[in-house]
Amino acid sequence: MVVPHTHWDREWYLPFQRFRVGLVRVLDEVLDAMAADPAYRFTMDGQLAAIEDYLEIRPARRGDVARFVAEGRLAVGPWLILADEFLCSGETLLRNLEYGMRGAAALGGAMPVGYLPDQFGHCAQMPQMLALAGLRLACLWRGVPAHVDRDAFDWTGADGTTIRTRYLPGGYGNAFGLFTGPAEGMPDRVTAFVSTAEGWAAGETLLAMYGADHSAPTREITASGLRVATLAEALTGDPADGEVARVAGELRSHARANILPGVISARVPLKQAMARAERVLIRYAEPLSALWLADRSACERLIDMAWRSVIACSGHDSVTGCGSDETAQQVAARIAEAGQTAQAVVDLVAASLAEAAPRGALAVVNPSPFERTGLVLADLPEDRASLADASGRPVPVQRLEHAPTLLDETVMDDLTRLLGRVHERELYGHEIVSWHAGDGVFTITVSRHASGAYAYEDLRRAVLEAGPGPWVVRTLAEPVVTVAALVTVPPLGRAVLTPRPPAPGRPAPVTGALRSDPYGFEPVLDNGLLRVRVAGDGTLSLRGADGVEVHGVGRIVHGGDAGDTYNHAPPPDDRLLDRPSRVLVEEICSGPLTGAYEITRVYDWPTGLGDGDGETVPTAVTTRVELRAGEPFARCEITMDVRCRDHRVRWHAPLPRPAAESYAEGQFAVVRRGLTAEGGGGERPIPTFPAESFAAAGGLAVLLDHVTEYEIGGDGTEMALTLVRSVGYLSRNRNPYRDEPAGPEVPTPAAQCQGPLTVRFAVLPYAGEWHEAGLPRLAEEFRHDLLAVPGTGAAGTDGPGGEGRLAIGGDGVMMTALRERDGRLEVRLVAEHPTATEAVVRGDFTAAWTAGVPGSPLSPLEVSRDEVVPNDGADGLGPAASRRTVRVPLRPFEIATIHLGTA
């Protein structure tokens, strides 16, 4: 059965708008062919975005599109975009389906096939995600392992969901050659195709995918005598004969096709920006607006705009960084806009929270559904540099630095020039408190958060009355000290802290406080949970409270890269350099709440490949290592100015014990991987893998703030993280690690990623297994800071209670999203736990339902009668609160979408 289609990259070696010109031409041809020939069928690549892009230019053809979709001749959706499944969050993949299916429904309905034609491998939870959207059939190409020898197999997701999957031997254009060449040769070409396809056939239908990148099938296809169908028509009702192979988990095998793993580390700043935008949108903008804003009308539209940009940037030729420099620049701009749009929503929430707290106070919000104790920074007046909670109890604080008092001193002949610097009350980023003129000096006092009456006209009058100059204009800031405060905040709730004068006597007690070195001979950080020592070569020694110890953590290794944005390839004469020429260690801060050292290592690295004279460039790599009270992990921030070309820089750490496998979290699963990758498909398999929030092996874990490439090397004795990979071509025609080009040989000088780069992560040793160490929850705390907002309300302001509306518990149960949807709260949970568990949701709801991706309730959940929470507020929802509870049993890695509301 012939399936006419096209594979459409919205942006790739050309930027979006230049590709869209071709899209308009192709779809004009397709729609004209369909209008002229009722037998013509067309499948639009599984993504709705191309149709929407077309209709923006050709709005008059919306009726044609809707008619052909309704007739079942034009297949659209179910995705909005063909995303890379490893370089965005699982929540982004689900919203991609949601937007695609909703948009396709408005045109007549989405194709009921999870079509994934060109993604560079497939994540472990894709079967479950498709099933949650009502899709029980997938169709794909890359990543299929060698033991699949038919064109159908059963694919089981991490949670156990199994869907029938159609494999495309030869790719999504396996029948493109049928209609090339003279017409009289068609029978021979069909015979050759059938001969090849029959060896793969698990059912009666031989799937002939007639299409290629960015082109329209010929109109004469229906006159060929072959059966023509959409992909859905071709796959419906074609059961496989007998047993088919079974595949569990992610599809990242190189055996049947290349999976181009180097895209994980190409253009690292894109990956960082994507993670930031997703985090602000999913874990701050959506949930905080749902919980803390009464009027969400503006936020709803802003959130929708941000989601559309994030989804668009998740494309498999977008966030991957394997496009032209122009494309990468556009993707970066769209990701930035998405993050800024989401931040605008957070700003609205922050303003509302600020108005509900007295001026000078600090409102701290917890984005997690469980009680958190963590650090926030606050700028406090010198005479009120302590904090108290709502009950008047002192909050532990640590002084970090004093802000400068003299901000500016300028001589002015004409004092009215001063008014040009003032914007209502703002001056030098501060707010005007008062002013005084005398002895030729006009002094203005400002504060970061001023209180008291102020009128611009009063200041203007004082300037005019001061008379002619010269005047020394002095701008003074009220004495301010920056402190770190250790705050305990209820689940999805807030705490309001009030500044007060430091009290004499002992400071507030701190659980897990940093201990000082009684001798001070070594740079050491120790909080009782983790001991960190900086060695003479700049690496770290770590020892956990459970006795697990590891030395030499953080070795920086530089090597060459003769590959491209798709595949890393070391040069034949590669030299791995890991010894610095100089090491400098400086203490940044030391106290009971936080301590930090800055380690600067200087390396002499080659400027690039092929430099015959051995030219090198000195590069300083600075590691800031920080340990906080109560945290069992060391935070690391690595900064460098990248000036080399065609190279790869990695962070290495020995493992406390040899490992035969690793565990990596991402896209609603914790995936177990071996130390090697299955080869074949014209591509050398290298065991580098993606991890979203953590990677762990042999008793060492790294907590990540963006999708990061990692490898377990040295026969299972060492972990390596890629910090930056610099290459100069989209695809090299001769890549030592890949037989065929992955795209055109387009120069990409910006993919060298030269310039300042900062990478953040945390590291910890642990005993036992990843779930016993609580890595999902630790990653949650590392990735999602408490939100601190200075109060702006009137004295005595008493805003909403500190308790949140929800608390969520359960072994390994993680909240991945929370939003308002159709008047209900929608919460998405996943059981990141290797055995069955139970989610316990408590809050102010009276009814609960499970739901799928489209949002419609599926089945009711039993809600308990009101429970009286003990006075100690053990669940974080406040003392003596009347709450409801729903319990949801979950299989390992099961995703659950729950709607909470009133019956």
Side-chain angles (χ1 to χ4, degrees), residues 1-8 30 33-34 37-48 50-51 68-79 82 100 104 108-119 130 134-142 144 148 150-155 163-179 186 189-212 215-241 244:
M1 191 172 293
V2 177
V3 177
H5 75 98
T6 187
H7 174 58
W8 199 268
V30 167
M34 298 185 84
D37 184 356
Y40 197 94
R41 301 288 194 271
F42 188 74
T43 298
M44 190 57 244
D45 205 26
Q47 56 180 334
L48 183 68
I51 296 293
F68 299 144
V69 170
E71 291 173 356
R73 296 199 287 137
L74 176 60
V76 299
W79 300 98
L82 293 181
M111 177 174 65
V113 178
Y115 187 39
L116 304 161
D118 196 32
Q119 281 89 333
L130 292 175
L135 304 173
R136 304 299 306 194
L137 184 64
C139 182
L140 50 82
W141 171 31
R142 302 184 196 265
V144 175
V148 173
R150 310 283 292 281
D151 64 0
F153 64 94
D154 283 336
W155 184 15
I163 62 174
R164 179 55 55 90
T165 304
R166 191 65 175 261
Y167 167 51
L168 300 173
Y172 54 79
N174 63 357
F176 183 73
L178 280 179
F179 298 91
M186 170 71 79
R189 294 194 295 271
V190 170
T191 299
F193 176 85
V194 170
S195 176
T196 300
E198 281 184 332
W200 283 97
E204 297 178 356
T205 301
L206 301 182
L207 194 60
M209 300 296 292
Y210 170 45
S215 61
T218 178
R219 290 192 181 198
E220 290 71 31
I221 188 171
T222 57
S224 66
L226 301 173
R227 294 180 61 192
V228 177
T230 65
L231 184 62
E233 291 173 327
L235 297 183
T236 301
D238 181 33
D241 295 330
V244 296

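Residue numbers count from 1 along this sequence. All values derive from a computational prediction rather than experimental measurement.
Put simply, OG1 on T165 and CH2 on W155 are 6.0 Å apart, with the number rounded to the nearest 0.5 Å. Between atom OG1 of residue T191 and atom CE of residue M186 there is a gap of 11.0 Å, rounded to the nearest 0.5 Å. Taking CD of E233 as the start and OG1 of T205 as the end, the distance is 11.5 Å to the nearest 0.5 Å. Note that OH of Y115 is 10.0 Å distant from CD of Q47, once rounded to the nearest 0.5 Å. Here F176 contributes atom CZ and H5 contributes atom NE2; the two are 9.5 Å apart, rounded to the nearest 0.5 Å. Here the CE-OG1 distance, from M34 to T222, works out to 11.0 Å after rounding to the nearest 0.5 Å.
Of all non-hydrogen atoms in A208 and N174, the two that sit nearest each other are C-OD1, 3.8 Å. Scanning both residues, A212 and T6, for their nearest heavy atoms gives O-OG1, 3.1 Å. Here the closest non-hydrogen pair linking R150 and A202 is NH2-CA, 3.2 Å. When all heavy atoms are compared, the tightest approach of V30 to P217 is CG2-CD, 4.5 Å. Residues C139 and L168 share a closest heavy-atom pair of SG-CD2, 3.7 Å. The heavy-atom pair separating A234 from V3 by the smallest distance is CB-CG2, 3.9 Å.
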Starting from the C-alpha separation in whole Å, work towards a yes-or-no answer on side chain to side chain contact (heavy atoms under 4.5 Å, CB included) for L82 and D118. CA-CA 8 Å; L82 293 181; D118 196 32; 5.5 Å; no
Take Y40 and I221 through the side chain to side chain contact (heavy atoms under 4.5 Å, CB included) test and state the conclusion after the steps. CA-CA 8 Å; Y40 197 94; I221 188 171; 3.8 Å; yes
Give the C-alpha distance, both sets of side-chain angles, the deciding distance and a yes or no for side chain to side chain contact (heavy atoms under 4.5 Å, CB included) between L231 and M209. CA-CA 9 Å; L231 184 62; M209 300 296 292; 4.1 Å; yes
Quick one, L178 with F193, criterion side chain to side chain contact (heavy atoms under 4.5 Å, CB included). Give me CA distance, side-chain angles, the key distance, then yes/no. CA-CA 8 Å; L178 280 179; F193 176 85; 4.0 Å; yes
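At least one side-chain heavy atom of M44 sits less than 4.5 Å from a side-chain heavy atom of W8. Using a 4.5 Å cut-off on side-chain heavy atoms (C-beta onward), D151 and L207 make no contact. In this structure the side chain of R227 never reaches within 4.5 angstrom of the side chain of V2, judged on heavy atoms. Counting heavy atoms from C-beta on, the side chains of L226 and Y210 never come closer than 4.5 Å. Side-chain contact check for L48 versus I51: some heavy-atom pair is nearer than 4.5 Å. Using a 4.5 Å heavy-atom cutoff, the side chains of V244 and R164 are in contact.
In this structure, T196 contributes its side chain and A192 its backbone to a donor-acceptor pair below 3.5 Å. Between the R73 side chain and the A70 main chain, no donor and acceptor come within less than 3.5 Å of each other.
Below 30°, between 30° and 60°, or above 60°: for H7 and Y172 the angle between ring planes is between 30° and 60°, a tilted geometry. Aromatic ring pairs are classed by plane angle as parallel below 30°, tilted from 30° to 60° and perpendicular above 60°; the pair Y167 and W200 is perpendicular.
By the side chain to side chain contact (heavy atoms under 4.5 Å, CB included) test, A232 is found to be paired with M111, P112, V113, T230, residues two or more places apart in sequence or in another chain being considered. Here W79 pairs with nothing under the ring pair (Phe, Tyr, Trp, His ring centres under 6.0 Å) rule; sequence neighbours left out.
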